[in-house]
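To keep things clear, I will list the structure first and then write my remarks on it.
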Amino acid sequence: MVSPQELLYSKDHEWVRYDGEIATVGITDYAQHALGDIVFVELPRVGKTITQFSNVGVIESVKSVSDLFTPVGGEVTEINPAVEADAGLVNREAFTEGWLFKVKVSSEADKAGLLDASAYDVLTSAG
Amino acid sequence: MYTPHTPADIASMLADIGVATLDELVRVPEGLAPQAQIEVPAALPERELAVVMADLASENTATNFRSFLGAGAYRHYIPPVLGTLAMRGEFLTAYTPYQAEVSQGYLQAIYEWQTYIALLTGLEYANASVYDGATALAEAAIMAVNATGRRSLVISAAIHPQTRAVLATYARGIGLSIHELPYAANGCTDFSALDALLATGDIAAVAVQSPNFFGVIDEPPADVVTRVKAASSVMIGVIAEALSLAVLRTPASWGADIAVGEAQSFGIPLAYGGPYVGFMACSAEHLRRLPGRLVGRTVDTNGKPGFTLTLQAREQHIRRERAISNICTNQAHCALLATMYLAALGERGLRDCAVANIRMTQQLVAALLELPGVTRVFAAPVFNECVLRVPGKAADVLLRLQADQILGGVDLGRWYPELADCILLTATEMTIEDDICALQQALQCQLEVLV
Amino acid sequence: MSLDIPLLFETGQPGRANRYLREEAAATTYLPPELLRETLPLPEHTELDVVRHFTRLSQRTMSIDTNFYPLGSCTMKYNPRVNDASAALAGFRDLHPYAPDALAQGALRVMHTLERALASLFGMHAFSLNPAAGAHAELTALLIALAYFAQRGEGTQRTTVIVPDTAHGTNPASAAMVGYKVVSLESDARGRVSLERILSTIGPDTAVCMMTNPNTLGLFEDHIAEIAAAVHAVGGLMYYDGANANALMGNARPGDMGFDLMHLNLHKTFSIPHGGGGAGAGPVGVSAALAPFLPTPIVRSQDDIFALDFSCEQSIGPMRSFWSNFAHMVRALSYILANGADGLAQCSKLAVLNANYLRVKLRDVIDVPFDELCRHEFVASAQGLKRDTGVRALDLAKALLDAGYHAPTMYFPLLVPECLMIEPTETESKETLDGFIAAFRAILTQARRDPSVIQSTPTTTPVARLDETQAARHPNLRWKPA
């Protein structure tokens, strides 16, 4: 799957969509595929301040568990209730309905540490 | 030795492996061989072993005494059918049901245990069990710490001293601080210091035991629960005598978010302290933090219903250093016994058993209060235990009762110096009137000598 | 579809139960109603219903008593019934934990004798019988380490626990629980802990190095003395995870290898029934320097009189209520007395014999990544098979269930892909092993001929493979009234 052009990516396989000062974060289709059937996501609390690339939660599949890192720093403003109710949404719609949380961005400089779609696709095809 | 190998088997297997002797198979680098003689007596044939073990068992003369001991381990009637069923080799010699397809029986029994515990506590979910009631409280404390991000606990001083001691061991290791609330004159927890503690904003949980160590029914008043929840702390209910759940208000109904306790009373022999079985139940909010194993109902690839271990990603073998607890085994076989016990007794049997405990305890207390100098220490209602004050030191009184083949209860001075003249006595459905008369008479003789 | 065996909650009729006790008045006769629950919604069954229910459940449970159970690292050996008979003696079974010491001398003698026997068998100064299971024992040992370093004034300095990738999964979880930073150590090409890697990892921050020997590949850590010396040189402690103690019982001792702390799983090595996943028992052994920190109580003996000692000032405190899983101590002692020192050593040798026999009889049909003399267990890998046919270790495990064998441990240790860890134990006969070898070989032949047959196993079990995704996404963890 070719990753959407309008998003930025982290090497930890998270994506981020910037919309003014709000950034939406999810995991990539590549990541959901590698994890297998996702059964539960543990997301940061709304109101919490998080820093770029820090561990902010956990993604569980049936028999594995992975840390969730945030590709962008700031204050968590919203978490996706649909994913909390149905974690399978992340498998089905990783780039859209399966978003995880939104952040009020603290620094535009975070973007410098992220990849564009073509760079991310090179990263994942190399592996 | 329980090994089947004939000399011919060994020779042919060694030849297949390409090794000359058995010793070669277990050889260790030089210097690592045992540096001392292993001091274990020579093997005994089973008949002689049985004699040795019977002799050891007979040295435990306490089992011949009339007993009023309780304090966290209770003598209850165990229907023989439990032994017959639970000792079936399929249950006894199975491992953890990781291969669900060939473990449906055990998995279903654990699912039934989880249901029984949920029904008894009134809470939404229960796990497959933990080591015992004391470690269950320690695990509940860790749940609360993880839920709140806070590192202090408030516990009642009327929680079983041993449970508090185990919690303290864990807390020292994990780096948690513990504040104790004293007990009040009526034997219930005194919550007057609670507000100041909650105001620190660092209280992960408040834990209360009911019935408490003094036997007193000690559910926290509604306003206390409200204040605990207003401070976003977790309310933990501890149950040391699971039988009380048959008649007393459920922990859920008085406001516990997590209920933990000891289910030894459900068909598990005293056995000098174990194995017993801890239970843990919680509201839906805390499910993901609940440690230990969980059995879930699902379907197989043909759509047929079945059971499997689930939510395993919470557990140590997958999370490794990220795990919320290192707990690995549950007490499956004890939980199985408890499930059988609850199935056999049923609603009426369990309630009648619980009521018999209350009745016999009231009878015991009434009989002893007839004696001059014996007084009831705490006025609040009790389940199957009660604290009585006796003239002189409790330890001395109990020692003298032993001469009459009576274990008169537990000396509270062991943990509460201010109660060194107090005895915690227990009566259950196993107590007969003759026991009570014998204790009354023996105590009366002592008192007459003293007076 | 409904369950083959209905839940207890779906059957029964009110009015059937209580043949055990006298009928009692309502609880309100004795206690104020505001203290009482309104309903007790439990089902009522005849005793025959209960017997049939649990008998049928038992028939759907694979066990050592019914099938060969080569589950790696779990030591599923025969559980002699005399042990259970010993534990069921009224003098043990009905003994209250608060019985005065003077009236419980038999029980205390059991504990003391067992403790001495374990100390001698494993070369440790003393054991605590307090921990209730293996993982509980690991936690106990790490708390002892914490207390030891705190007493030496090194509490803040010693922050790291080293865990090789061949260690058990509980090790990192236990270490993290008490706040230690876990450093995972990659094995070398021989499947052992590399001395060089240890040397470059340890330092003044090292608290404990947790190892199991033989490791989870079934291989003896032949550099253990040098590793222990290196860890000791930086002031760290060596911890022995006794899950694999069946491989060396009576033939080698962790104490002689330089281990300062260890635990045993009495339910593995000492033939205590696993009971479907517990109760276990996990005694912790220590060197003389660490003995003051052992959990309370300790059984002391003087002039052949035994007593529980709670007065240990430096103790980490109790890990469990009362004196832990006493009935299991009776079973373990019964097993030790039945075998004697030589018998225990022979058990261990025959366990190693059986494991190597399986290894040499299977290595031509499945990869054995570390194909050398193993100890009590070995690992095979289905990676090649998966590459060729798509058949995974999981599929082989499920096919074995159909053939009437319990599956080996799967996907552990993590360093071997598509891993099957096989531990036959010493109580299995050559005929049983030959039967297993034939079945395993037939499965592999079938896997290469028609993978789909193996991938759709098991078909003869009460249920087929279960939907674990659904189970985890929509947890149904209890019955609920309609």
Side-chain angles (χ1 to χ4, degrees), chain B residues 1 4 9 17 22 25-26 28 38-40 42-43 53 56-57 59-60 62-63 69 88-90 92-94 96 101-102 104-106 115 131 134 169 173 247 269 271-275 296-298 300 306 308 310 316-317 320-321 323 326 328-329 331-333 346-349 352 355 358, chain C residues 17-18 24 27 30 42 44 57-58 60-65 86 89 91 93-97 99 103 105-106 120 132-133 135 143 169 172-174 176 178 182 251-252 273 275-279 317 321-323 325-327 340-341 343 349 352 356 429-430 461 463-464 466 471 476 478-479:
Chain B
M1 265 190 337
D9 288 339
I17 296 165
L22 282 179
L25 288 172
V26 295
V28 291
I38 289 174
E39 286 163 28
V40 170
M53 298 311 285
L56 284 166
E59 282 185 57
N60 298 320
T63 54
L69 294 172
R88 287 186 66 94
E90 298 92 328
L92 199 63
T93 71
T96 304
E101 297 89 340
V102 290
Q104 285 299 298
Y106 223 130
T115 302
Y131 307 130
T169 305
V247 289
Y272 203 47
R297 184 172 167 163
T298 181
D300 74 0
T308 183
T310 191
Q316 47 73 26
H317 63 283
R320 295 172 77 86
E321 68 268 22
N326 77 336
C328 195
T329 45
Q331 303 288 98
H333 199 254
E347 174 185 339
R348 222 153 40 103
D352 285 341
V355 173
I358 302 169
Chain C
N18 191 11
E24 296 284 341
Y30 303 101
L42 303 186
E44 300 195 331
L57 291 185
S58 77
R60 295 176 153 232
T61 304
M62 194 182 263
S63 62
I64 300 172
D65 279 9
S86 300
L89 290 164
R93 186 195 58 208
D94 299 336
L95 186 62
H96 193 282
L103 307 178
Q105 286 294 296
S120 177
L143 292 175
S174 304
V178 297
V182 178
N251 296 304
S321 59
F322 303 114
W323 337 132
N325 293 344
F326 172 75
K349 287 173 192 172
V352 175
N356 278 293
S429 66
K430 182 169 179 296
T461 48
V463 291
L466 291 144
N476 172 343
R478 56 169 290 196
W479 169 87

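Numbers restart at 1 for each chain; the letters A, B, ... are given by sequence-line order, proteins then strands.
- Considering all non-hydrogen atoms of both residues, B:V355 and C:Y30 come closest at CG1-CE1, 3.5 Å.
- Although no hydrogens or angles enter the test, the distance criterion places no donor-acceptor pair under 3.5 Å between the side chain of C:S429 and the main chain of B:P4.
- For the atom pair CD of B:E90 and CZ of C:R60, the computed distance is 13.0 Å after rounding to the nearest 0.5 Å.
- For the residue pair C:V463 and B:G306, the shortest heavy atom distance occurs at CG1-CA, 4.4 Å.
- With rounding to the nearest 0.5 angstrom, the CG atom of B:L22 is 6.5 Å from the NZ atom of C:K349.
- Checked against side-chain contact (heavy atoms from CB on, under 4.5 Å), C:D94 has the following partners two or more places apart in sequence or in another chain: B:T63, C:A90.
- Counting only distance, with no hydrogens or angles, the side chain of B:T298 and the backbone of C:L466 share no donor-acceptor pair below 3.5 Å.
- Of the listed residues (C:D65, C:L143, C:V352, C:N356), the greatest number of heavy-atom pairs within a distance under 4.5 Å of chain B belongs to C:D65.
- Here the CG atom belonging to C:L57 is positioned 10.0 Å from the CD atom belonging to B:Q104, to the nearest 0.5 angstrom.
- Residues C:G276 and B:Y106 come closest through the heavy atom pair CA-CE1, 3.5 Å.
- Considering only heavy-atom pairs separated by less than 4.5 Å from chain B, the leading option among C:G343, C:G91, C:G275, C:A17 is C:G275.
- When each of B:A43, B:G349, B:P269 is checked for heavy-atom pairs under 4.5 Å with chain C, B:A43 comes out on top.
- The contact between B:R297 and chain C is made by backbone and side chain atoms together, counting heavy-atom distances below 4.5 Å.
- Options B:T115, B:V40, B:I358 differ in how many heavy-atom pairs under 4.5 Å they form with chain C, and the most are formed by B:T115.
- Between chain C and the options B:L56, B:V28, B:D9, the largest number of non-hydrogen pairs under 4.5 Å is found for B:L56.
- When each of C:W323, C:F322, C:W479 is checked for heavy-atom pairs under 4.5 Å with chain B, C:F322 comes out on top.
- Here the shortest heavy-atom pairing between C:E44 and B:R348 reads OE2-N, 2.6 Å.
- Between C:A133 and B:Y131, the shortest heavy-atom contact is CB-CE2, 3.5 Å.
- Of all non-hydrogen atoms in C:T61 and B:G105, the two that sit nearest each other are OG1-CA, 3.5 Å.
- Contacts with chain B were tallied for C:G340, C:A327, C:S58; C:S58 has the most, counting heavy-atom pairs under 4.5 Å.
- Interface summary for chain C: among B:A134, B:G296, B:A42, B:A62, the most heavy-atom pairs under 4.5 angstrom belong to B:A62.
- Take C:S120 and apply the side-chain contact (heavy atoms from CB on, under 4.5 Å) test, not counting sequence neighbours, and it matches B:I38, B:E39.
- Chain B forms the most heavy-atom pairs under 4.5 Å with one residue out of C:P273, C:A99, C:G106, and that residue is C:G106.
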